[in-house]
Amino acid sequence: MQKPSNARGTRDFGPKEMAKRTYVFNVIKNHFEQFGFQAIETPAIENLSTLTGKYGDEGDQLLFKILNSGDYLSKLNEQDFKEGSKKFTYKVSEKGLRYDLTVPFARFVSMNRNDLAFPFRRFQMQPVWRADRPQKGRYREFYQCDADIVGSNSLLNEAELITLFQSVFNSLRLKAHLVINSRKVLAGVVDVLGMSDLFVDFAVAIDKLDKIGWDAVSNELVERGFSKDHCVILADLIVFEGNNLAKIDKLRQFFNGNEQGEAGLREIEQVLDFISKNGYDNSNIIFDYRLARGLSYYTGLIFEGKAKDIPFGSIAGGGRYDNLTSDFGLPNMSGVGLSFGIERIIDVMEALSLFPDIPVSGSKVLFAYFDQEGQIQAFQYVNELRRLGIASEIYPEIAKIKKPFEFADKKKIPFVAVLGEQELAENKINLKNMRSGEQKLLTLNELIQSL
RNA sequence: GCGGUUGUAGCUCACUCGGUUAGAGCACUGGUUUGUGGUACCAGGGGUAGUGGGUUCGAAUCCCAUCAUCCGCCCCA
């Protein structure tokens with residue numbers, strides 16, 4: 001016998017956890033649908049060629065690869081072996097588990113381009129897998145919930161996703177704010193400094209601002225090729241605090257006509273303008289030109305949602321990408337997406353006790369009896385109730401009456417219906433309210449009424 | 001990939017300096033109660049101390065390795 005355990009970084013979800021997870025999933029799903037997004041699913045397994053090269057070298061390392069079936073060594077020779085595990089891997093593995101939902105979606109759009117109505121709004125809630133080292137809030141198998149709108153450049157889509165963010169977190173009663181920025185603003189900043197070549201380095205470093213502070217970030221910038229003078233100029237921007245409009249003004253002066261930067265600011269302004277009419281309190285939408293975001297495929301607006309009352313990393317993220325599908329032979333397909341970090345949302349809601357009371361068992365009543373006669377009668381009754389839409393179950397064994405009571409108590413089933421000699425003789429049912437302890441002798445019809 | 005933490009019953013944990021039969025709470029099983037759960041009382045089952053090696057008369061305890069875990073870094077959402 002072996003000691004049972006989960007594979008590293010994976011979790012089981014018991015009925016209690018599932019009740020909470022399903023609750024959050026359903027809320028998000030309802031909002032997706034309300035906004036006109038359509039569900040799709042894609043396979044867990046993709047061709048490795050679809051996945052590799054999309055997430056950078058680091059990402060390729062974190063892909064779970066599936067060993068080819070059959071005698072996967074038969075076509076290999078010693079030379080292949082000597083080339084090292086990196087190349088060797090791709091000779092014995094042609095499939096892998098998806099790493100996110102965006103790349104499979106891009107493949108999907110490219111393959112179905114002629115059948116989809118553009119602009120296409122899709123949502124997808126499925127697990128993804130990463131061979132990462134697990135830590136707090138970080139798993140090897142976890143769900144992503146993505147909503148994307150592709151085939152439209154309109155900034156109204158950005159405004160729609162921000163509104164979606166508002167409505168989802170309103171429903172969950174989770175206080176969150178959404179930080180927005182534009183890649184073009186960031187590009188404008190490095191452009192003004194004359195350092196456009198180091199855009200990616202700039203983004204990677206500035207992204208850590210929250211975590212490690214400006215001093216450490218400026219050190220990193222210098223390490224990555226920026227001068228101390230650059231940092232002095234940047235420091236002026238970094239320390240500036242103000243509302244959205246003040247920040248836009250500040251940057252406008254800084255850009256002094258720089259084209260990219262200006263374009264970014266106009267995007268921000270227009271989106272803020274749109275959402276001011278969406279009927280939500282938008283004081284939690286914050287323009288922050290210090291927001292970067294790791295993913296390299298974003299080209300326009302970027303978002304990042306965070307919980308207000310608790311530091312927990314980001315609970316939503318997304319942005320505009322201009323070339324989603326060009327890797328799959330469909331150029332110029334622009335889209336914008338928002339991903340809800342559902343695992344973290346659940347963790348945050350748990351930590352803040354935001355879950356409403358969710359019944360673990362759906363059953364309203366459990367039938368109990370003493371002998372075979374009662375068992376048969378109970379089986380009849382329970383199915384009658386089910387036909388009427390009353391979720392109910394029957395204790396399957398003839399046992400001490402204590403057993404079904406303990407069972408109902410454990411499962412928090414609110415009523416137990418007892419069928420004993422007396423009840424059967426009178427054609428009645430003894431219904432016990434497990435919470436109050438109250439017990440009544442009822443006919444089947446009376447029982448149905450009282451449930 | 002790097003650094004650290006922890007690993008004892010199903011779960012949460014205790015066991016003084018290395019010393020006899022490794023304990024507790026919760027959970028589980030049975031009973032007090034053969035027509036009643038959630039409270040109480042009584043009794044009971046359950047352990048290769050992660051795994052492998054070493055030191056020692058003697059190891060849960062010390063050392064080494066290995067696996068797992070959690071935390072941090074890199075990275076990522």
Side-chain angles (χ1 to χ4, degrees), chain A residues 1-11 14 54-63 85-86 99-102 127-146 200 203-205 207-208 211-212 216 220 291-298 302-307 312-319 337-348 366-371 374 395 398-424 429-441:
Chain A
M1 207 194 74
Q2 57 175 5
K3 197 172 185 181
S5 69
N6 289 85
R8 187 171 212 197
T10 65
R11 301 157 292 166
K54 308 296 192 300
Y55 310 106
D57 282 347
E58 291 268 353
D60 286 353
Q61 303 258 315
L62 299 180
L63 287 172
S85 45
K86 216 169 177 180
Y99 180 88
D100 70 1
L101 300 178
T102 307
V128 303
W129 294 268
R130 296 183 185 182
D132 209 346
R133 180 168 279 226
Q135 312 174 11
K136 191 180 181 178
R138 201 171 186 185
Y139 309 100
R140 288 185 141 185
E141 176 182 70
F142 61 98
Y143 274 78
Q144 289 194 331
C145 299
D146 285 18
V200 173
V204 169
D207 199 39
K208 297 176 188 166
K211 222 174 185 176
I212 61 177
E220 187 166 335
L291 171 69
R293 270 186 78 69
L295 286 177
S296 50
Y297 53 73
Y298 291 124
I302 47 184
F303 323 109
E304 185 161 291
K306 291 192 170 177
F312 219 97
S314 75
I315 53 173
L338 179 65
S339 176
F340 289 87
I342 191 149
E343 307 290 354
R344 285 190 182 170
I345 292 173
I346 290 165
D347 287 346
V348 167
L366 175 78
F367 279 86
Y369 45 82
F370 297 89
D371 51 23
Y395 195 78
I398 297 170
K400 284 187 183 171
I401 197 70
K402 191 179 185 152
K403 292 286 186 183
F405 274 97
E406 278 175 349
F407 182 73
D409 184 54
K410 223 182 249 179
K411 275 184 90 175
K412 302 273 174 269
I413 299 172
F415 292 95
V416 174
V418 181
L419 294 177
E421 212 176 324
Q422 247 180 319
E423 289 86 350
L424 290 170
I429 303 160
N430 216 332
L431 187 70
K432 176 160 181 173
N433 181 326
M434 292 296 280
R435 191 164 251 194
S436 65
E438 204 183 347
Q439 199 157 310
K440 281 181 198 162
L441 201 57

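Below, chain A is the first sequence line, B the second, and so on; all start at residue 1. Just so it is clear, the model here is predicted, and its values are computed rather than measured.
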When the [atom1] atoms of [M] and [N] are compared, how many Å lie between them, rounded to an integer?
N: rU48(B); M: rG53(B); atom1: C1'; value: 15 Å
N: rC74(B); M: rG7(B); atom1: C1'; value: 27 Å
N: rC63(B); M: rA59(B); atom1: P; value: 16 Å
N: rU32(B); M: rC71(B); atom1: P; value: 48 Å
N: rU12(B); M: rC70(B); atom1: P; value: 12 Å
N: rG58(B); M: rG54(B); atom1: C1'; value: 15 Å
N: rC13(B); M: rG47(B); atom1: C1'; value: 15 Å
N: rC67(B); M: rG45(B); atom1: C1'; value: 31 Å

* Approximate separation, where rounding is to 0.5 Å, of K306(A) NZ and L291(A) CG -> 8.0 Å
* Structure fact -> Between the CZ atom in F142(A) and the CD1 atom in I342(A), the distance rounded to the nearest 0.5 Å is 12.0 Å
* Identified side-chain contact (heavy atoms from CB on, under 4.5 Å) counterpart of I429(A) within the set L424(A), L419(A), V418(A) -> L419(A)
* Pairs counted as Watson-Crick or G-U wobble with both distances under 3.5 Å: what dot-bracket string results for RNA chain B, using | for bases tied to another strand? -> ((((.((..((((.....[...)))).(((((.......))))).....(((((..]....))))))).))))....
* Asked: So Y99(A) and Y55(A), would you call those rings parallel, tilted or perpendicular, with 30° and 60° as cut-offs?
  -> tilted
* Does any N or O in the side chain of Y369(A) come within less than 3.5 Å of the main-chain N or O of Y395(A), such that one atom is a donor and the other an acceptor? -> yes
* E343(A) side chain vs Y143(A) backbone, donor-acceptor pair below 3.5 Å -> yes
* Taking all atoms of both residues into account, what is the closest heavy-atom pair of D132(A) and R140(A), and its distance? -> O-NE, 2.8 Å
* Structure fact -> Those residues at least two apart in sequence (or on a different chain) that pass side-chain hydrogen bond (donor to acceptor under 3.5 Å, both in side chains) with D60(A) are none
* Which residues satisfy the side-chain hydrogen bond (donor to acceptor under 3.5 Å, both in side chains) test with R8(A), sequence neighbours excluded? -> none
* Asked: What string of B, S and - do you get for nucleotides 31-45 of chain B, 5' to 3', when a contact is any protein heavy atom under 4.0 Å?
  -> S---BBBB-------
* **Nucleic acid footprint by protein, nucleotides 67-75 of chain B - heavy-atom cut-off 4.0 Å, B for base, S for sugar-phosphate alone** => --S-SBBBB
* Asked: Are E423(A) and N430(A) close enough that a side-chain donor and a side-chain acceptor fall under 3.5 Å?
  -> yes
* Asked: Which residues pass the salt bridge (charged side-chain N to carboxylate O under 4.0 Å, His left out) test with R133(A), sequence neighbours left out?
  -> none
